[in-house]
Amino acid sequence: MILLKSHSCGELRKKHVGANVDLAGWVDRRRDHGRLIFIDLRDRGGIVQVVFNPEVSKSCHEIASEMRSEYVVRVSGEVAPRPPGTENPKLPTGDVEVIIDNTEILNTSKTPPFYINEDTEVEESLRLKYRYLDLRRARMKRNLLLRHQIVKFMRDFLDAQGFIEVETPILIKSTPEGARDYLVPSRLYPGKFYALPQSPQQLKQLLMVAGVEKYFQIAKCFRDEDTRADRQPEFTQLDLEMSFIEEEDILNLLEGLFASMVETVKPEMRMIKPFPRLTYAEAMEHYGTDKPDLRFGMEIRDLSDIVAQSDFSIFRSAIAEGGKVKGICAPGCASYTRHQLDELNKLVQNLGAKGLVTIILGTSGGSINDLTLEMVKSVATKFITLDHIKQMAECLGANMGDLLLIIAGKPKIVDMVLDELRREMGHRLKLADPNVLAFAFIVDFPLLARNEEMGQWESMHHPFTAPRDEDVSLLDVAPEKVRGKHYDMVCNGCEIAGGSIRIHTSHLQRKIFKLLGYNDDEIEERFGHLLEAFDYGAPPHGGVAPGIDRIVMLMAGEETIREVIAFPKTQSATDLTVNAPSSVAEEQLAELHLLLREES
RNA sequence: GGCCCCGUGGUGUAGUGGACUAACAUGCCACCCUGUCACGGUGGAGAUCGGGGGUUCGAAUCCCCCCGGGGUCGCCA
């Protein structure tokens, strides 16, 4: 026998009754009744109950009494209908069972360090150390399968649209202006290094010059920066690029791809269609972030004009110093206790705000017109008139019984803190439906942002992003006003994709590099290959790169991308499964011409 | 680099200065059990409470340092 299995455990149904089957898998659970032993046998396809009856086979029954959790076993027998009344509706295979007349233990197993057969919380470091066991669990198996289905859909979809998949190198050239690079020392060239790609950006643009026209790749990207729930040192992007297109083409492609992918792979999840489009300015104004969670409202409103003339020094001084006063309305939260308000205050202070002004609007429902000063609970009542409070409540769309949360300070801090508060309150009030994927496009980004520390212009996206045609003339006089042909796709508060129409002439590209502070030598050394390529008939082109880990995370309903990566790294960038990074032998270092520095 | 949370039998939790000789569930081991499916029953083994130091008559519990995991700000063109 070459194959140990004639069927998968999970596929057996009533129609198989009478068939002799060969199965193999892991012991999920054992129920030993003394004479009769039931084993739930598990393989990738599912679980089926197999029965060891000493009256059928005494030797099989003896072997089965030795079986324990996670033993690897092979069984053969006849598929039988379960006796009436003993069917198990919880199992897809619950109408049948396999009466075993031949079996073998292929391998034993130690008692696993955590439950494989139960969906209980286990400390993540333990799961990662024994990731191969963790991946046996239903949740991880489901996530791996979903990821496969998503990636397969992407490949099929893009193939049907005429894209071709091209691989680009993993050993490329360091580009220190972006994220920190992962470096690979060169054995053949002492003192020189390759870098792992932060993204295949320049290579895919060269593929456009090469006439590929429609390219994509499931691309591993590497960035040596600190991790987050949605950020890993290495991650996967659906990298794609097209020639002879404009921004609208990319957005249409994305919407078509993601909408049909969700409808195919996760039909139970809902979307807002067509995907809403917000300008960067609108997103920042109403959500305080360029990646808003649009599953709920609770929009931020600017209250500066209302309170500018008030006697409340916190508000007045913030505005006088060039700051803003903005707030949100937490519906129905007037009953918040002192303790809960203190908690929120602590939250905003940890984020860098000076404090949180809370205004409780009465205790029961009703029209805000009936509000009296006695019904308002807030430190602000001493300094702010009832009229101002009513105006703020109206501006925030508040009703009686609601809680206003107001932050004053520098615009950047105010936005960041209110974004956090909005998401926190949305979470507490369960406003974000987990079965909704609220995709949206963010457009009209500024091309450049001022780096205050360095006193220099930096690319908002990357230096290859084309400025809007009508703004090109502003590059010389007012760079901050130049809008880029840059777009993001966001979903549920997560940046899912970023892309742009690229510069495709060396003249304009050089101009941008110079604006970013590079001199001619630096431009030549770092980007000479790209600029030269542009002089050989580079077509207009643009593209986008959706993060695969993130979209799988959202579709799997997970909180971190580690749950959808087979072997993820910890927050401190270690791999607990294989214990990486690790020391290397002195001989390896010597071969690479490396000497370790003494760190103080 | 900053701030915050977590670490108690194999696993998940309870215990927040004395009654803890550390509890509960589950897992594990042994025996019993022919229809269970998170099988059931009886019995048993198993943690000096992440590590180190300190305070105290007394520390799982309070303080300090360290280690590990997580969240986040900075960082992520």
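Every chain is numbered from 1 and lettered A, B, ... according to where its sequence line falls, protein lines coming before strand lines.
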**Prompt:** Is the shortest side-chain N/O distance from R31(A) to OP1 or OP2 of rU36(B) below 4.0 Å?
**Reply:**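 Result: no.
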
Under a 4.0 Å heavy-atom criterion, the protein footprint on nucleotides 68-77 of chain B, written with B, S and -, is -SBBBBBBBB

Readout for nucleotides 23-30 of chain B: B = base within 4.0 Å of protein heavy atom, S = sugar-phosphate only, - = neither; 5' to 3' it is ---BSSSS

For [X], what residues pass the side-chain contact (heavy atoms from CB on, under 4.5 Å) criterion, not counting sequence neighbours?
X       : result
L554(A) : L437(A), C491(A), N492(A), C494(A), I496(A)
R180(A) : D224(A), E225(A)
Q571(A) : T227(A)
L475(A) : L447(A), P467(A), V472(A), V482(A), L508(A), K511(A), I512(A), L515(A)

Distance, rounded to the nearest Å, where D40(A) contributes CG and rG35(B) contributes P: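 Those two atoms, CG and P, are 16 Å apart.
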
Taking only residues at least two apart or on different chains, which pairs with a member in residues 85-101 of chain A satisfy side chain to side chain donor-acceptor pair (under 3.5 Å)?
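Only Q49(A)-E97(A) qualify under side chain to side chain donor-acceptor pair (under 3.5 Å).
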
Report all interatomic pairs (protein N or O, nucleotide N or O of nucleotides 46-48 of chain B) with separations under 3.5 Å.
none

Identify, with sequence neighbours excluded, every residue that meets salt bridge (Lys or Arg N to Asp or Glu O under 4.0 Å) alongside [X].
X       : value
E424(A) : R428(A)
R30(A)  : D32(A)
R597(A) : none

> For H33(A) and rU36(B), do the ring centres fall under 5.5 Å apart while the planes stay under 30° apart?
Replying inline: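 Taking the rule of under 5.5 Å and under 30°, the ring of H33(A) does not stack on rU36(B).
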
task: Report the residue (L126(A) or N88(A)) whose heavy-atom-nearest nucleotide on RNA chain B is the more 5′ of the two.
output: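 Nearer the 5' end of the strand: L126(A).
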
Would you give me the side-chain donor-acceptor pairs under 3.5 Å for residues 523-534 of chain A, sequence neighbours excluded?
residue: R526(A); atom: NH1; partner: E177(A); partner atom: OE1; Å: 2.9
residue: H529(A); atom: NE2; partner: Q202(A); partner atom: OE1; Å: 2.7

